[in-house]
Amino acid sequence: MRLILLGAPGAGKGTQANYIKEKFNIPQISTGDMLRAAVKAGTPLGVEAKKVMDAGGLVSDDIIIGLVKDRLQDADCANGYLFDGFPRTTRQADAMKDAGVKIDYVLEIAVPDEAIIDRMSGRRVHPASGRVYHVKFNPPKVEGRDDVTGDELIQRDDDKEDTVKKRLSVYHEQTEVLVGYYGDWAKSGAPGAPKYRKIAGVGPVEVIRDSAFAALAE
């Protein structure tokens, strides 16, 4: 099973990625993790990436694709792999296609913006333990306080409504085009084209998981 997960930030890709990884026994490939590992290991690409990062620049698509190709040689990718958060742009998608990175499925988890804003801006966290609450869906027993310790809960900067709206706007501008890109490629019936599947990412987590598994069995 070789697949790409698409969806806006807060659509629940991380949660579903964990279910998919376990079911198919495949690794989740995150470009951030790969970059950190390559820099730490001092590989040729890692050294190159570190220079760019130290200078405050963005690592080029060529370096990222090089890292992806290296990563796919590892033994744990024998059964397949799951890309989450990559590719982010059509240029990266083209580069993956040109590099011959095989993809069986592209799975889009679709959630309306309002639901994402509601979901993320309502999160509250207990910093010491990492326990997460939600003002609407999973409220603490006492408003603003952790159930176990009574400590004050915080709202992470990433979860603030303005930040969530900015992240969604970047997604719509830069990454949403991949929905059309992979959808059109799948419809073309060209050799090597992936299957494109779209599921609704609202409702109980288990229901979304079952929809994902059903979509990947078609």
Side-chain angles (χ1 to χ4, degrees), residues 3-23 27-37 39 53 56-59 64 82-89 92 106-179 197-213 215:
L3 81 151
I4 292 171
L5 266 188
L6 286 183
K13 297 190 299 299
T15 303
Q16 297 307 321
N18 282 327
Y19 288 129
I20 293 167
K21 275 187 338 191
E22 280 173 23
K23 180 174 173 66
Q28 182 174 351
I29 294 183
S30 140
T31 49
D33 291 347
M34 279 190 316
L35 265 175
R36 284 186 286 276
V39 168
M53 286 152 72
L58 278 176
V59 178
I64 297 287
L82 182 155
F83 285 107
D84 168 20
F86 182 82
R88 284 185 193 276
T89 62
Q92 288 178 346
V106 176
L107 180 65
E108 180 194 353
I109 301 178
V111 182
D113 281 7
E114 309 74 63
I116 288 177
I117 292 165
D118 214 20
R119 191 184 279 181
M120 293 177 79
S121 63
R123 279 185 198 156
R124 297 295 182 269
V125 180
H126 179 240
S129 68
R131 277 186 287 276
V132 179
Y133 299 86
H134 192 284
V135 293
K136 195 185 288 183
F137 308 123
N138 176 32
K141 294 187 182 102
V142 176
E143 191 181 336
R145 297 279 168 189
D146 177 51
D147 286 354
V148 180
T149 62
D151 294 345
E152 196 173 342
L153 301 174
I154 63 155
Q155 183 182 33
R156 287 185 299 220
D157 288 343
D158 260 9
D159 292 337
K160 290 185 173 153
E161 190 168 329
D162 285 353
T163 311
V164 174
K165 284 179 174 169
K166 274 184 200 139
R167 289 176 67 198
L168 284 170
S169 145
V170 168
Y171 170 76
H172 292 310
E173 282 166 27
Q174 294 179 6
T175 307
E176 200 171 29
V177 292
L178 292 174
V179 168
R197 298 288 182 264
K198 177 177 180 173
I199 61 167
V202 285
V205 166
E206 294 75 16
V207 171
I208 301 166
R209 175 200 63 198
D210 294 345
S211 299
F213 288 169

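- The two residues Val202 and Ala115 come nearest to each other via the heavy atoms CG1-CB, 4.3 Å.
- Listed for the Lys21 side chain is no donor-acceptor partner under 3.5 Å among the backbone atoms of Gln28.
- In this structure, CG on Asp84 lies 11.0 Å from CG on Leu107, to the nearest 0.5 angstrom.
- The two residues Val177 and Gln174 come nearest to each other via the heavy atoms CG2-O, 3.4 Å.
- Atom-to-atom distance recorded for Met120:CE and Thr163:OG1 is 9.0 Å, nearest 0.5 angstrom.
- In plain terms, the two heavy atoms of Asp146 and Tyr133 that are nearest each other are OD1-OH, 2.5 Å.
- Taken from CZ in Arg124 to CD1 in Ile154, the straight-line distance is 10.0 Å, to the nearest 0.5 Å.
- With Arg88 as the partner, the side chain to side chain contact (heavy atoms under 4.5 Å, CB included) test is satisfied by one option alone out of Thr175, Thr31, Val170: Thr175.
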Side chain to side chain contact (heavy atoms under 4.5 Å, CB included) between Asp113 and His172, worked out: CA-CA 10 Å; Asp113 281 7; His172 292 310; 2.8 Å; yes
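- Atom CZ of Arg131 sits in a crowded spot, with more than 12 heavy atoms from other residues, nucleotides or ligands closer than 6.0 Å.
- In this structure, NZ in Lys13 is found 13.0 Å from CG in Asn18, a value given to the nearest 0.5 Å.
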Contacts table for residues 204-212: side-chain donor-acceptor under 3.5 angstrom, sequence neighbours left out:
residue, atom, partner, partner atom, Å
Ser211, OG, Val207, O, 3.1

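- Nearest heavy atoms, Leu178 versus Pro87: CD1-O, 3.0 Å.
- Judged by distance alone, with hydrogens and angles left aside, the side-chain atoms of His134 form a donor-acceptor pair with the main-chain N or O of Asp118 at under 3.5 Å.
- Between Ile64 and Phe86 the shortest heavy-atom distance is CG2-CE1, 3.3 Å.
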Show your reasoning for whether side chain to side chain contact (heavy atoms under 4.5 Å, CB included) applies to Arg167 and Asp158. CA-CA 9 Å; Arg167 289 176 67 198; Asp158 260 9; 4.2 Å; yes
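- Applying the side chain to side chain contact (heavy atoms under 4.5 Å, CB included) criterion to Lys23, with sequence neighbours excluded, gives Phe213.
- A donor-acceptor pair under 3.5 Å is formed between the side chain of Gln155 and the backbone N or O of Ser121.
- Interatomic distance, CG of Asp159 versus CD1 of Ile117, reported as 12.5 Å (0.5 Å rounding).
- In terms of heavy-atom proximity, Pro140 sits nearest to Leu153 at CG-CD1, 3.7 Å.
- For the atom pair NZ of Lys136 and CZ of Arg123, the computed distance is 14.0 Å after rounding to the nearest 0.5 Å.
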Could you go through the salt bridge (Lys or Arg N to Asp or Glu O under 4.0 Å) check for Asp162 and Lys165 one step at a time? CA-CA 5 Å; Asp162 285 353; Lys165 284 179 174 169; 5.3 Å; no
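- At least one side-chain heavy atom of Met53 sits less than 4.5 Å from a side-chain heavy atom of Leu35.
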